[in-house]
Every structure is written in structure tokens, then in C-alpha cells.
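Beneath this line is the structure, given in C-alpha cells, with notes to follow.
Numbering of residues begins at 1 and proceeds along the displayed sequence. Treat the numbers as computed from the prediction; the structure is a model and nothing was measured.
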Amino acid sequence: MKKMYYALLASACWLSFGFLQAAANEAGFVTDPVVLHPDQTATPPAPAPVRIASADRPNLGGGFIEFLFGDRQAPGYQPDGSYQAQRPVMTPLGAQQIINQPLMGQPVMGEPVRPAFDPKFEKQVVEYEGKEGAGTVVVDTPNKFLYLVQGNGKALRYGIGVGRPGFTWSGIKTISAKKEWPDWTPPSEMLARRPDLPRHMEGGPQNPLGARAMYLGSTLYRIHGSNEPWTIGTNVSSGCIRMRNEDVIDLYGRVNVGTRVVVI
């Protein structure tokens, strides 16, 4: 009986040891034996990787939205070099570029729109039934035309700009002087109304008297050119008669000092 008892006890021990070893191997606690030498120290095994589970965050606002649509990076974000290389570089548009590149058909802000020149004010030969003789200049203020009478019932007709309401006049004058690219000195009456005007301006393309001027008697009035052709056919001046530069050059070459000018 004693022999049988010791045999059963030994079997039970071996069986228990086998279960414990299997459990240890399954849990990963069994490691290879470490051999120590007199000149070496034991190196502990590398720890197993640790995985931490976390629930998805329900709120993706704040820094995440700023990361998607802004210039800042989310915390802990490391940019990928390949992505940065492919990302297009956007250069801010300057004010002038904005002006030169309209968006979606929107109007461009720039120079104000000027009315087109009306073809009826082009220089042309027309019938003339008035009583003035050849060589006379007739200024038709109400209809904004200037006639140079040719004789034989014909006249050269030019479009003109005339005085604003309160600045129109009528009478008979003669051309007392002619000047090419005249200087301009605003009279004191004009400076009283417009103190912002220059006291004197040299002749040239920007001068309001234009390319030519024909002075009328001893008055301050002139038949002169204009660098604002869109004003032809309007009441625009302080009493002078305006013409397009190409027209005043043509008239200047056709008349002389002493030419009779009839303003109606």
C-alpha cells in the first residue's frame, strides 16, 4: 500500500508541474537561460511592446479643424516630407494683380468708363446756307458745332465742347493770336472758383489747352484743343470753345490771325 501511495503522489506532482510550465509558456514568462561569465553582466530581456486601447474622441473641433483648414499643425503631428514637396506654393496676390485678374466676371476697378465719341462730331463737309462769307468761323453754341465756311454753299464742320450753363456767350470776335502747344495760366476769376488749380502749366500733351490755341480778341476766350475728347458735344468749359486735338490742328492750319469768328 505504501508503494502504491508514493507512486500516486509522484504522478500528481509531475502532472501539476506540467500544467504550471504550460501556463507559464502561454503567458510568455519563460525566457532562455542567461549564462554568466566572470567578465560579463546580465542584460535584461527587452520588454514586450505595450498596446494601450483608447476610445475614439467624439469631439473633432478645436485644434483638429484648425489643423485641416488653417496653417497650424495638430499637437504631435510630424509633417511628411513627400507631402510637403508636392504641396503647391500659393503666393499672395498684390493689389495690382487683383485689379488685373477679375474674378467670376466681376468688373475691374480702374479708370472710369468714358462715353464713346459720337460720330456726328467727326470733321466733315456739309451744306451751308448761312450768310457768312468764305473763311469765316461760325460757332453754333446750342448744337455744339463749329463751321469754317468754304463758299459755294459748303462748310467744314467740327464737333466742339462749349461753356457750361452760365458761361456761354455770343458775339463777333477776330483771331488775335495763334499758339502751338500753348502754356496755360488760369485767370484770377477761375482761381477764385478753383483754388486747387496750378498757377501756371507748361504746354504739352497734359495741358488742358491741348495742341493748339487761337485767341479771340482781347478776351480770355480761346478756340483750343483738348486732351479729353469725350467732352466734345457737351457743356463743359468756362466759355472757351474746345475741339479734339486732331481737329484743332486741322483748323489752325486753315485760318489766319484776323479771321472773323461769329459766336451764336
Residue list, ring-ring contact (aromatic ring centres under 6.0 Å, His included) with [X], at least two apart or on another chain:
| X | result |
| --- | --- |
| W230 | none |
| Y147 | none |
| F121 | F145 |

Report yes if the side chains of [X] and [Y] come closer than 4.5 Å at any heavy-atom pair, otherwise no.
| X | Y | value |
| --- | --- | --- |
| H224 | R242 | yes |
| S170 | T141 | no |
| I223 | Y215 | no |
| R222 | I241 | no |
| R164 | S237 | no |
| K178 | Y252 | yes |

Closest non-hydrogen atom pair between [X] and [Y], with its separation:
| X | Y | answer |
| --- | --- | --- |
| P229 | F117 | O-CD1, 3.8 Å |
| P186 | P198 | CG-O, 3.1 Å |
| K144 | V162 | CE-CG2, 4.0 Å |
| G225 | N245 | CA-OD1, 3.6 Å |

Nearest 0.5 Å, what's the [atom1]-[atom2] distance between [X] and [Y]?
| X | Y | atom1 | atom2 | answer |
| --- | --- | --- | --- | --- |
| I249 | M243 | CD1 | CE | 10.5 Å |
| L146 | K123 | CG | NZ | 12.5 Å |
| I232 | K120 | CD1 | NZ | 13.0 Å |
| S238 | E189 | OG | CD | 10.0 Å |
| M214 | C240 | CE | SG | 11.5 Å |

If hydrophobic clusters are built by linking Ile, Leu, Val, Met, Phe, Trp and Tyr wherever their side-chain heavy atoms come under 4.5 Å apart, do [X] and [Y] end up in the same one?
| X | Y | result |
| --- | --- | --- |
| I160 | L148 | yes |
| L191 | L220 | no |
| L156 | V137 | yes |
| V236 | V248 | no |

NZ/NE/NH1/NH2 to OD/OE distance under 4.0 Å, R157 and E122: no
Here the ring-ring contact (aromatic ring centres under 6.0 Å, His included) pairs for residues 149-180, sequence neighbours left out, are W169-Y221
Mark yes when over 12 heavy atoms from residues, nucleotides or ligands other than K179 sit less than 6.0 Å from its NZ; otherwise mark no. no
Listing, residues 254-264 side-chain donor-acceptor contacts under 3.5 Å, not counting sequence neighbours, or none:
{"residue": "R254", "atom": "NE", "partner": "D250", "partner atom": "OD2", "Å": "2.9"}
{"residue": "T259", "atom": "OG1", "partner": "N256", "partner atom": "N", "Å": "3.1"}
{"residue": "T259", "atom": "OG1", "partner": "N256", "partner atom": "O", "Å": "2.7"}
{"residue": "R260", "atom": "NE", "partner": "E132", "partner atom": "OE1", "Å": "3.4"}

Can you give me every donor-acceptor pair (side chain of residues 200-211, partner residue at least two apart or in another chain, under 3.5 Å) with its distance?
{"residue": "H200", "atom": "ND1", "partner": "T185", "partner atom": "OG1", "Å": "2.8"}
{"residue": "H200", "atom": "NE2", "partner": "E202", "partner atom": "OE2", "Å": "3.4"}
{"residue": "N207", "atom": "OD1", "partner": "L209", "partner atom": "N", "Å": "2.9"}
{"residue": "N207", "atom": "ND2", "partner": "P182", "partner atom": "O", "Å": "3.3"}
{"residue": "N207", "atom": "ND2", "partner": "M201", "partner atom": "O", "Å": "3.2"}
{"residue": "N207", "atom": "ND2", "partner": "E202", "partner atom": "O", "Å": "2.9"}

